[in-house]
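Quick notes on the structure that follows.
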Amino acid sequence: MTLQEIHTKIANAKELDFGTVLNDCLELYKKFWVQGLLTILIIAILTIPVALISQFLLGIFGLITPNEFNFRDFDIDSFSNFYGFNLFYNLPFTIISTSIQIGVLAGFYRIIKLKDIDNLTKEDYFYFFKQEYLGKIVLLAVVYSAISVVAQLLCFIPFIYAIVPLMYF
């Protein structure tokens, strides 16, 4: 497509109406809000126990202690040691919970795609937890967690910038 063809298409396009665009957005939201809510609930129901189990297991093994860091006598060295150790100890559980989140969100996007083209199949939030996709999901979770850990170890400010691209995983 040449630049002239693009200019011709833009010139011949009908005028956008903000009311129509807003109405279409609201109709699309009404169509999919239940699936979005169910996705958030499924992720919460599956990842909260992972977080609780991780803290329980780390507590049993003595890798974390609740009194190790105290805000009353703040020291940046003790804070960085506390944060860094917890970051590495929780890495396997982070990978597990990220795998769950990526898999359920991928299932949500598949449901949205199928409903958008009016394909009335059953809603399967766990579609991507099958054997053929599970390796890819775990690999994405490992990469996501590695980027997240590196960004957090760089004084946490890069993590703020890295979180937006990571959400596209």
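Please read all numbers here as calculations on a predicted model, not as lab measurements.
Distance check: Asp17 CG to Asn23 CG gives 9.5 Å after rounding to the nearest 0.5 Å. To the nearest 0.5 angstrom, Ile53 atom CD1 is 12.0 Å from Ile48 atom CD1. Remark: Thr94 OG1 to Gln101 CD distance equals 9.5 Å, nearest 0.5 Å. Atom CD of Gln4 is separated from atom CD1 of Ile6 by 10.0 Å, given to the nearest 0.5 angstrom. Atom CG of residue Asn12 and atom OG1 of residue Thr8 lie 6.5 Å apart, to the nearest 0.5 angstrom. Distance check, rounded to the nearest 0.5 Å: CD of Glu27 to CG of Leu22 gives 10.5 Å.
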Take Leu140 and Tyr144, measure what side chain to side chain contact (heavy atoms under 4.5 Å, CB included) needs, and give me the verdict at the end.
-> CA-CA 6 Å; Leu140 272 175; Tyr144 182 100; 6.0 Å; no

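Linking ILVMFWY residues whenever their side-chain heavy atoms come closer than 4.5 Å, directly or via other members, leaves Tyr89 and Leu52 in distinct clusters. No continuous path of ILVMFWY side-chain contacts below 4.5 Å connects Phe18 to Leu28, so the two sit in separate hydrophobic clusters. The cluster map of Ile, Leu, Val, Met, Phe, Trp and Tyr, joined by side-chain heavy atoms under 4.5 Å apart, puts Leu26 and Trp33 in different clusters. Using a 4.5 Å cut-off between side-chain heavy atoms of Ile, Leu, Val, Met, Phe, Trp and Tyr, with links allowed through other members, Leu105 and Ile96 fall into the same hydrophobic cluster. No chain of hydrophobic side-chain contacts below 4.5 Å, direct or via other Ile, Leu, Val, Met, Phe, Trp or Tyr residues, connects Ile112 to Leu114.
Formation of a donor-acceptor pair under 3.5 Å by the Thr98 side chain with backbone atoms of Ile95 is not found in this model.
Closest of all the heavy-atom pairs between Leu91 and Ser145 is CD1-CB, 3.9 Å. Heavy atoms only, all atoms of each residue included: Asn90 and Ser54 are closest at OD1-OG, 4.0 Å. When every heavy atom of Glu123 is checked against every heavy atom of Ile111, the shortest pair comes out as CB-CD1, 3.8 Å. Nearest heavy-atom pair, Phe129 versus Ile100, reported as atom, atom and distance to 0.1 Å: CZ-O, 3.7 Å.
Residues meeting the ring pair (Phe, Tyr, Trp, His ring centres under 6.0 Å) test with Phe93, sequence neighbours left out: none. When the ring pair (Phe, Tyr, Trp, His ring centres under 6.0 Å) test is applied to Tyr127, the partners found at least two apart in sequence or on another chain are Tyr133. Among residues two or more places apart in sequence or in another chain, the ring pair (Phe, Tyr, Trp, His ring centres under 6.0 Å) test is passed with Phe32 by none.
With a 4.5 Å cut-off on side-chain heavy atoms, Ile42 and Phe126 count as touching. Within the 4.5 Å cutoff, the side chain of Phe108 has no heavy atoms near those of the Ile43 side chain.
Residue Leu139 belongs to no hydrophobic cluster, having no ILVMFWY side-chain heavy atom closer than 4.5 Å to its own. If you chain together ILVMFWY residues whose side-chain heavy atoms come under 4.5 Å of each other, Ile45 ends up in a group of its own.
Environment of NZ in Lys31: crowded, with over 12 heavy atoms of neighbouring residues, nucleotides or ligands closer than 6.0 Å. Around the CG atom of Leu16, the shell of radius 6.0 Å holds no more than 12 heavy atoms that belong to other residues, nucleotides or ligands.
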Identify each donor-acceptor pair in which a side-chain atom of residues 150-169 lies under 3.5 Å from a protein atom, sequence neighbours left out, and give them as a table.
from, atom 1, to, atom 2, distance (Å)
Gln152, OE1, Tyr83, OH, 2.6
Gln152, NE2, Ser148, OG, 3.0

